[in-house]
Enquirer: 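One structure follows; several queries about it will come next.
To find a chain, count down the sequence lines: A is the first, B the second, and so on, and within it residues start at 1.
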Number of protein chains: 2
Amino acid sequence: MGARRGLTDAALDRASPVPLYYQLAENLETAIRSGSLSSGSHLENEVELARQLRVSRPTVRRAIAVLANRGLVIRRHGIGTLVVPVRVRRPVRLSSLFDDLAESGQTPTTRLLAYEVVPAPPDVSTSLQLPRGMRVLHFERLRLASGQPISLMRNFVPLALKEVVTEEGLQLTGLYRLLRQSGIHLRLASQSIGARSAQPRETRLLKVIRSAPLLTMRRISYGDAGQPVEYGSHVYPAERYSFEMSVVADSRT
Amino acid sequence: MGARRGLTDAALDRASPVPLYYQLAENLETAIRSGSLSSGSHLENEVELARQLRVSRPTVRRAIAVLANRGLVIRRHGIGTLVVPVRVRRPVRLSSLFDDLAESGQTPTTRLLAYEVVPAPPDVSTSLQLPRGMRVLHFERLRLASGQPISLMRNFVPLALKEVVTEEGLQLTGLYRLLRQSGIHLRLASQSIGARSAQPRETRLLKVIRSAPLLTMRRISYGDAGQPVEYGSHVYPAERYSFEMSVVADSRT
DNA sequence: GAGGTCAGGTTGTCATGACAACTGGTTTCT
DNA sequence: AGAAACCAGTTGTCATGACAACCTGACCTC
């Protein structure tokens with residue numbers, strides 16, 4: 001039952017503004033991903049872990065809860081906490097394609113195809129909870145990764161964000177990063193994933209064959225206060241893109 | 001700030017085996033979905049809620065955390081807890097298509113196209129963490145909703161489950177229900193959603209036009225102990241199916 | 001030998017208490 | 001009048017303590 005090293009090494013910093021439970025969760029995640037906590041093995045039990053790290057058991061539990069939510073460990077009543085014996089890949093997070101590509105080491109670029117103020121189409125005004133026909137900012141982007149087109153994105157945002165979502169900004173970075181830099185934090189999104197055949201214009205822009213299958217994603221994002229911030233309708237060439245996610249069962253069912 | 005009725009009505013049952021926090025979460029969810037807690041309104045603050053219901057504040061917080069995870073409310077430090085002002089629909093849960101269809105009032109039926117023991121293909125044995133070439137149970141089903149084909153499903157499970165996953169069972173109900181009835185509870189799945197064109201055989205079975213776009217889902221499900229239970233490779237006609245999900249941001253980011 | 005029983009270890013639930021951090025409005029000061 | 005400081009209200013974090021529920025393996029009984 002030994003081999004508990006690596007946890008006490010990266011000690012917790014009580015002076016840090018980062019909560020203890022979160023520091024602990026990150027340390028544990030690092031230990032798991034690096035392999036120092038091998039797959040299928042037991043985590044040290046909560047009481048002992050709390051004693052070693054000089055924190056309370058609720059703090060330990062909360063840290064483990066974070067990991068369980070991410071699908072990295074499984075808790076079993078009366079047994080212990082097990083490290084999930086697989087690599088579960090990047091979940092569908094509330095993140096931008098731009099950041100995802102950048103993180104995975106690619107160099108995303110953007111071609112801005114449209115940037116204009118238009119009256120909101122019916123479904124957009126409904127989604128953004130605006131009066132019918134209210135004017136909104138609309139833009140369309142072609143996203144390339146290492147020179148290859150990987151997504152065609154149409155977006156609508158309320159006109160108030162025109163100063164935040166600028167033409168220059170969109171060409172240089174991702175939408176979500178622009179929003180975040182202006183203090184707008186997205187908290188929630190509802191999205192729908194489907195598929196359809198490419199239309200002629202899409203065929204040309206995405207460089208796929210005629211009627212090639214495309215993945216489609218429709219997303220409405222909401223900010224801190226629950227206000228709708230963005231409506232997006234994106235398409236991806238199916239042969240170059242897929243959505244990966246891990247699903248965790250409700251602990252009670 | 002009145003109008004708090006409906007919460008104290010459905011009182012908490014301390015004798016019930018269902019945890020208090022979960023009872024409270026369900027009561028709150030019912031109140032939200034029924035509209036008695038209107039969209040955008042504040043929830044009563046935690047301290048007061050705890051006092052009224054005669055529970056501790058951590059219990060209230062845990063209940064609210066459940067709702068926040070489901071995307072029904074948004075918590076804001078220093079402000080309060082807001083009811084999300086939108087309808088966020090059924091997320092991608094760890095559930096079977098059969099149950100989903102049944103719940104939405106349709107009458108799912110199944111045509112069992114194959115049921116056999118075969119050596120595991122390489123990707124299957126890897127996914128199920130079995131030795132190369134180990135024999136597994138393979139079956140293929142065509143799922144219809146109200147008579148219309150809606151999914152073609154290929155699955156592989158370890159041979160040990162042959163007694164659980166029977167031919168008769170598969171024709172009458174869904175795979176997940178069969179597993180659950182035998183005490184196998186799925187806890188986690190990793191899945192990948194993509195798209196491609198229909199092959200001739202799929203065109204015929206799913207009754208779609210030649211090369212019609214299909215949604216594809218590959219899923220590996222894991223049981224209580226983290227052991228792989230099922231490998232599934234499913235396709236859906238894009239014009240009759242889409243995946244809906246809500247994404248909640250990590251509270252720390 | 002087979003079965004039931006029990007003990008030990010583990011996570012699950014809940015209470016109480018305290019202080020920190022944040023937000024928005026009000027008040028006060030310049 | 002404008003800006004800064006303050007304050008009340010709220011959620012966020014953490015500690016301590018206690019008991020319940022559950023699983024496994026060892027032991028005992030039949």
Enquirer: Quick one: B/R76 CZ to C/dG24 P, roughly how many Å, whole number?
Expert: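 It is 6 Å, rounded to the nearest whole Å.
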Enquirer: Find the distance A/L43:CG to C/dG9:C1' and express it as a whole number of Å.
Expert: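 After rounding, the reported distance stands at 16 Å.
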Enquirer: State which of D/dG12, D/dC14, C/dT11 makes the closest approach to the side chain of A/T81.
Expert: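 From the listed options, C/dT11 comes nearest.
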Enquirer: D/dC14, OP1 or OP2 - any side-chain N/O from A/Y21 closer than 4.0 Å?
Expert: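 It does not, given that no N or O in the side chain of A/Y21 lies less than 4.0 Å from OP1 or OP2 of D/dC14.
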Enquirer: Indicate whether OP1 or OP2 belonging to D/dA15 is found under 4.0 Å from a side-chain N or O atom of A/T59.
Expert: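 It does, given that an N or O in the side chain of A/T59 lies less than 4.0 Å from OP1 or OP2 of D/dA15.
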Enquirer: Quick check on DNA chain D: between A/R14 and B/E46, whose nearest nucleotide comes earlier from the 5' end?
Expert: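 Closest to the 5' end, via its nearest nucleotide, is B/E46.
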Enquirer: If only side-chain N and O atoms of A/N45 are considered, is one of them under 4.0 Å from the OP1 or OP2 phosphate oxygen of C/dG9?
Expert: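 Answer no for this pair, as no side-chain N or O of A/N45 is under 4.0 Å from OP1 or OP2.
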Enquirer: Between C1' on C/dT13 and CD on B/Q23, what's the gap in Å once rounded to a whole number?
Expert: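 Interatomic distance, CD of B/Q23 to C1' of C/dT13: 12 Å.
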Enquirer: Please determine, by modelled atom types, if A/D13 and A/Q23 share a side-chain donor-acceptor pair under 3.5 angstrom.
Expert: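 No, because no side-chain N or O of A/D13 sits under 3.5 Å from a partner of the opposite role on A/Q23.
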Enquirer: Does B/M153 reach the side chain of B/F139, with side-chain heavy atoms less than 4.5 Å apart?
Expert: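 Result no, sub-4.5 Å side-chain heavy-atom pair not found.
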Enquirer: Without decimals, in angstroms, what is the distance between A/R75 CZ and D/dA21 P?
Expert: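 Atom-to-atom, A/R75 to D/dA21, this comes out as 18 Å.
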Enquirer: Under 3.5 Å, is there a donor-acceptor pair linking the side chains of A/Q171 and A/E167?
Expert: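 No donor-acceptor contact under 3.5 Å links the two side chains.
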Enquirer: Mapping A/R61 and A/P58 onto DNA chain C by nearest heavy atom, which one lands closer to the 5' end?
Expert: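 Result of the comparison: A/R61.
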Enquirer: In whole angstroms, how far is the C1' atom of D/dC23 from the CG atom of A/L82?
Expert: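 Result: 12 Å.
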Enquirer: When you get a sec, tell me which of C/dT16, C/dT11, D/dC14 is the closest nucleotide to the side chain of B/S56?
Expert: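 For B/S56, the side-chain atoms sit closest to C/dT16.
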Enquirer: Can you check the B/I64 CD1 to D/dT10 P distance for me, whole Å?
Expert: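 Computing the B/I64:CD1 to D/dT10:P distance gives 12 Å.
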Enquirer: Give the rounded distance in Å between these two atoms: NE2 of A/H77 and P of C/dT11.
Expert: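 About 9 Å, once rounded to whole Å.
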Enquirer: Look at A/R62 and D/dC14 and indicate whether a side-chain polar atom (N or O) is within less than 4.0 Å of OP1 or OP2.
Expert: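 No, outside the criterion.
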Enquirer: Is the closest side-chain heavy-atom distance between A/S221 and A/Y176 below 4.5 Å?
Expert: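 A side-chain contact under 4.5 Å exists here.
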Enquirer: Are the side chains of A/L137 and A/L161 in contact, using a 4.5 Å heavy-atom criterion?
Expert: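 When only atoms from C-beta onward are counted, A/L137 and A/L161 do not touch, as no gap falls below 4.5 Å.
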Enquirer: Between C/dG17 and B/R57, counting only base atoms on the nucleotide and side-chain atoms on the residue, is there a donor-acceptor pair under 3.5 Å?
Expert: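 Check fails, no donor-acceptor contact within cut-off.
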Enquirer: Tell me the interatomic distance from A/I79, atom CD1, to D/dC23, atom C1', rounded to whole angstroms.
Expert: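 Between C1' of D/dC23 and CD1 of A/I79: 4 Å.
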